[in-house]
Peer 1: 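Sharing a structure, written as structure tokens. Questions coming.
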Amino acid sequence: MPKQVIFHIDVNSAYLSWEAAYRLQHGAKIDLRNVPSAVGGDSATRHGIILAKSIPAKKFKIKTGETLFSARQKCPTMIIVPPNYELYMKCSNALLKLLKEYSPKIQRFSVDECFMDMTKMDKFWGPPLKVAYEIKERIKKELGFTVSIGISTCKLLAKMASELKKPDGVTTLFLEEIEEKMWPLPVEDLFMVGPATTKKLHSYGIHTIGALAQTDPRFLQNRLKSHGLLIWNYANGRENSPVRENVAFEIKGIGNSTTIAFDIDNLKEAKMVLLSLVETIGGRLRKGGWAARLIAVTFKTSDFRVISHQRKFSTPVDCTNIIYQRVEELFSECWNGEHLRHLGVKVGELCTNDFTQLSLFNWNQERLRKLDKTVDRIRKKYGAKALIRSSFLHSGISPLSGGIIEDYPLMSSIL
DNA sequence: TCTGGGGTCCTAGGACCC
DNA sequence: TCTGGGGTCCTAGGACCC
């Protein structure tokens, strides 16, 4: 089998770059990328965290995920702009379209990252490095933002490579280069080594990717179970998952959750938020042609403890009303009145919602499905908020919540 | 004016069965 | 008289990614 050639394309400070490019096109005088700036949520509704930051903001040690409060303390003059997911979606799609000119085999890893299988593509485009530079320059010229491209023989090393030169870089990281380029890096820079694992590794005296690579894998497996073996393999550049084109039916579950602008302390409001989440989930389920057997509720208390409760039901459902009935039941089984800052609903164990084949129909459910169908049609035609439940009027709670815009590509954390 | 949202996978422990 | 063990399914919680 010939050696694979894999590219990883990573948009530099994606949300911020896209925001900056858009603003320049619309007459902005300054380029957000050249000043301390960030894309962040709204503190007033308790969504106040940094989603993306500029390179000058990085110099102030601003981190993604930290509170705007903390970020402003570090850099009071920082410009913070709100997110615009529709724009990011358009930019992401434009990127994908350009990349598809170079290879048909592309895995969209997230809104701002793609893997490309460039194996045997040299007969069309010449050597990998040459085409990588061409792609990078075209994106800059035609789309107005920079990317970093990593090149290797597997997805993991390609991804690690793209991290090495930012912004606007092309870097190779072949197996024979890992000792020099990857092993000196701090162990937390390795894909799949997060805060919890970093802490454990440090306690074993492992601080670099190289040190991890040279640790006895049995030791790691003892302490960290399968995850220990996984990161040991990654540290040694061992990974061989294929670039897989994203397929809708591979989705395992659908979840929507929301942090409420105020703490909730009564069942009536909690139920309203749950219903608003189920409305969104139901719509997404039916749009994909799925029904779900597993239903789960999650909540976060005002002191940030997370509690979840789930159940597998014998019949799969796709009706908003029935899902809500189950969610209500689950919620009342696990909530003891604590103040809530966040509520979530998830469904899983998906199957096709072709109930005529499953013969799970009953008369009542058929009526509800017709109702859902009508609601879906009206919302599709006139917009999501064209039809809302009257109970939400003047409630201060959004009738449809959770979520992001349609078809937003958020894939998985796994290669 | 303090801490988002949407995913996937893994593990421990309990229930249950043979 | 003095407490099997293996397998599977289920749930809650936690890890990781972007």
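Order of the sequence lines fixes the chain letters, A, B, ..., with proteins taken first and strands second; residue numbering starts at 1 for each chain.
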Peer 1: Between the side chains of K287(A) and D376(A), is the shortest nitrogen-to-carboxylate-oxygen separation below 4.0 Å, so that they form an ion pair?
Peer 2: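 Judged by the 4.0 Å cut-off on N to carboxylate O distance, D376(A) and K287(A) do not form a salt bridge.
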Peer 1: Is NZ or CZ of K74(A) both nearer than 6.0 Å to the six-membered ring centre of F60(A) and within 45° of the ring axis?
Peer 2: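 No cation-pi geometry.
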Peer 1: Could you tell me whether T197(A) contacts a base, only the sugar-phosphate backbone, or nothing, with contacts defined as non-hydrogen atoms closer than 4.0 Å?
Peer 2: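 Result for T197(A) = sugar-phosphate.
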Peer 1: With both distances kept under 3.5 Å, what pairs with dG13(C), Watson-Crick or G-U wobble?
Peer 2: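 Across any shown strand, dG13(C) pairs with dC10(B).
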Peer 1: Where the side chain of I414(A) is defined as all heavy atoms beyond and including C-beta, which of dT11(C), dC9(B), dC17(C) is the nearest nucleotide?
Peer 2: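 Looking only at side-chain atoms, I414(A) lies closest to dC9(B).
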Peer 1: Taking atom C1' in both dG4(C) and dC16(B), what distance in whole Å separates the two?
Peer 2: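 Taking atom C1' in both dG4(C) and dC16(B), they lie 16 Å apart.
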Peer 1: Please verify the inter-ring angle class for H202(A) with H207(A); under 30° counts as parallel, over 60° as perpendicular, anything in between as tilted.
Peer 2: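 Ring orientation of H202(A) relative to H207(A): parallel.
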Peer 1: Can you identify which nucleotide, out of dT8(B), dA12(C), dC2(B), has its nearest atom closest to the I251(A) side chain?
Peer 2: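 Nearest to the side-chain atoms of I251(A), counting from C-beta on, is dT8(B).
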Peer 1: Drop me the distance from L99(A)'s CG to K97(A)'s NZ, to the nearest 0.5 angstrom.
Peer 2: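 Rounded to the nearest 0.5 Å, the CG-NZ separation comes to 12.0 Å.
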Peer 1: L230(A) CG to dT11(B) P: how many Å, rounded?
Peer 2: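 Those two atoms, CG and P, are 11 Å apart.
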Peer 1: Taking only N and O in the side chain of H342(A), is any of them less than 4.0 Å away from OP1 or OP2 of dG4(B)?
Peer 2: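 For dG4(B), OP1/OP2 do not have a side-chain N/O of H342(A) under 4.0 Å.
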Peer 1: Students often get this wrong, so: under 4.0 angstrom with heavy atoms, is T64(A) touching a base, only sugar-phosphate, or nothing?
Peer 2: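 Since no nucleic acid heavy atom lies under 4.0 Å of T64(A), the category is nothing.
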Peer 1: Within less than 4.0 Å of OP1 or OP2 of dC2(B), is there a side-chain N or O belonging to R72(A)?
Peer 2: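 Answer is no, no contact under 4.0 Å.
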Peer 1: Closer than 4.0 Å, any side-chain N/O of H309(A) to the OP1 or OP2 of dA12(C)?
Peer 2: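 Yes, because at least one side-chain N or O of H309(A) sits under 4.0 Å from OP1 or OP2 of dA12(C).
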Peer 1: Using a cut-off of less than 4.0 Å, is there contact between a side-chain N or O of S257(A) and OP1 or OP2 of dG6(B)?
Peer 2: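 Affirmative; the distance criterion is met.
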Peer 1: OP1, OP2 of dT8(B) versus side-chain N and O of K252(A): anything below 4.0 Å?
Peer 2: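 For dT8(B), OP1/OP2 do not have a side-chain N/O of K252(A) under 4.0 Å.
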Peer 1: Write down the distance between CZ (F299(A)) and C1' (dG5(B)), rounded to a whole number of angstrom.
Peer 2: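 My rounded result for the distance is 18 Å.
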Peer 1: What I want to check is whether the side chains of N12(A) and S148(A) have a donor and an acceptor closer together than 3.5 Å.
Peer 2: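 Side-chain D/A pair, N12(A) to S148(A): present.
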Peer 1: Name the nucleic acid region contacted by K159(A), choosing base, sugar-phosphate or nothing; use a 4.0 angstrom heavy-atom cut-off, strictly under.
Peer 2: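 Contact class for K159(A): sugar-phosphate only.
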Peer 1: Given dC10(B), is OP1 or OP2 found less than 4.0 Å from the side-chain N or O atoms of S226(A)?
Peer 2: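 The answer is no; no side-chain N or O of S226(A) sits under 4.0 Å from OP1 or OP2.
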Peer 1: Base, sugar-phosphate, or nothing: which does E113(A) touch, judged by heavy atoms less than 4.0 Å apart?
Peer 2: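 Touches sugar-phosphate only.
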Peer 1: So if I take every side-chain heavy atom of P195(A) and compare against dA12(B), dC16(C), dG4(B), which nucleotide ends up nearest?
Peer 2: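 Of the candidates, dC16(C) comes closest.
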Peer 1: Measure the distance from CE on M192(A) to P on dC9(B) and round it to the nearest whole Å.
Peer 2: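 Atom CE in M192(A) sits about 10 Å away from atom P in dC9(B).
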Peer 1: Does the side chain of S110(A) get closer than 4.0 angstrom to OP1 or OP2 of dC17(C) through an N or O atom?
Peer 2: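 False: S110(A) side-chain N/O out of range (4.0 Å or more) of dC17(C) OP1/OP2.
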Peer 1: Just the rounded figure in Å: distance from P of dC18(C) to CG of L16(A).
Peer 2: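 Taking CG of L16(A) and P of dC18(C), I get 18 Å after rounding.
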Peer 1: What's the closest nucleotide to the side chain of F191(A) if the choices are dT11(C), dC10(B), dC18(C)?
Peer 2: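 Given the options dT11(C), dC10(B), dC18(C), the side chain of F191(A) is closest to dC18(C).
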Peer 1: Can we say K312(A) and E349(A) salt-bridge, meaning some charged N sits less than 4.0 Å from an Asp/Glu carboxylate O?
Peer 2: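 Yes, this pair counts.
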Peer 1: Between L51(A) and A44(A), which has a closest nucleotide on DNA chain B that is more 5'?
Peer 2: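 On the 5' side of the pair lies A44(A).
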Peer 1: Indicate, with a heavy-atom threshold strictly under 4.0 Å, whether D112(A) touches base, sugar-phosphate, or nothing.
Peer 2: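 Here D112(A) touches the backbone only, sparing every base.
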Peer 1: Looking only at heavy atoms, what is the nearest atom pair of D10(A) and S162(A), with distance?
Peer 2: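 Result for this residue pair: CB-OG, 4.1 Å.
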Peer 1: Picking from dC10(B), dT3(B), dG6(B), which would you name as closest to the side chain of N256(A)?
Peer 2: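 Nearest to the side chain of N256(A) among the choices is dG6(B).
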Peer 1: Could you check how far NZ of K225(A) sits from P of dG13(B), rounded to whole Å?
Peer 2: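 Distance, rounded to whole Å: 10 Å.
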Peer 1: Where the side chain of K300(A) is defined as all heavy atoms beyond and including C-beta, which of dT1(B), dT11(B), dG4(B) is the nearest nucleotide?
Peer 2: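 For the K300(A) side chain, the nearest candidate turns out to be dG4(B).
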Peer 1: Look at all strands and tell whether G253(A) reaches a base, only sugar-phosphate, or nothing, counting heavy atoms closer than 4.0 Å.
Peer 2: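 Since only primed, P, OP1 and OP2 atoms lie under 4.0 Å of G253(A), the category is sugar-phosphate.
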Peer 1: Taking for each residue the nucleotide of DNA chain B bearing the nearest heavy atom, is the 5' side occupied by S302(A) or by L224(A)?
Peer 2: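 The residue whose closest nucleotide sits nearer the 5' end is S302(A).
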Peer 1: Phosphate oxygens OP1/OP2 of dT3(B): is one of them under 4.0 Å from a side-chain N or O of T259(A)?
Peer 2: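 It does not, given that no N or O in the side chain of T259(A) lies less than 4.0 Å from OP1 or OP2 of dT3(B).
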Peer 1: Give one of base, sugar-phosphate or nothing for G41(A), where a contact means two heavy atoms less than 4.0 Å apart.
Peer 2: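 No contact.
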Peer 1: Contact class for K346(A) vs. all strands (heavy atom < 4.0 Å): base, sugar-phosphate, or nothing?
Peer 2: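 Result for K346(A) = nothing.
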Peer 1: Quick one: label I307(A) by what it contacts on the DNA or RNA (base, sugar-phosphate, nothing), any heavy atom closer than 4.0 Å.
Peer 2: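 Sugar-phosphate: the residue I307(A), judged by heavy atoms under 4.0 Å, touches backbone atoms but no base.
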Peer 1: The side chain of R341(A) lies closest to which of these nucleotides: dT8(B), dT11(C), dT3(B)?
Peer 2: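 Comparing dT8(B), dT11(C), dT3(B) against the side chain of R341(A), the answer is dT3(B).
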Peer 1: Quickly work out the F304(A) CZ to dC2(B) C1' distance and round it to whole Å.
Peer 2: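 It is 7 Å, rounded to the nearest whole Å.
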Peer 1: Using whole Å, what does the distance between atom P of nucleotide dG5(B) and atom CG of L343(A) come to?
Peer 2: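 Taking CG of L343(A) and P of dG5(B), I get 11 Å after rounding.
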Peer 1: For A196(A), answer base if it contacts any base atom (sugar-phosphate contacts may also be present), sugar-phosphate if it contacts only those atoms, and nothing otherwise; contact means non-hydrogen atoms under 4.0 Å.
Peer 2: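 Answer is sugar-phosphate: A196(A) comes under 4.0 Å of backbone atoms only.
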Peer 1: Is a salt bridge present between E86(A) and K90(A), judged by a nitrogen-to-oxygen distance below 4.0 Å?
Peer 2: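 No.
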Peer 1: As a test of reading the structure: which of dG5(B), dT8(B), dT3(B) is closest to the side chain of H47(A), going by heavy atoms?
Peer 2: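 Of the options given, the side chain of H47(A) lies nearest dG5(B).
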Peer 1: For I260(A) and dG5(B), what is the distance between atoms CD1 and P respectively, to the nearest whole Å?
Peer 2: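 So the CD1-P distance, I260(A) to dG5(B), works out to 9 Å.
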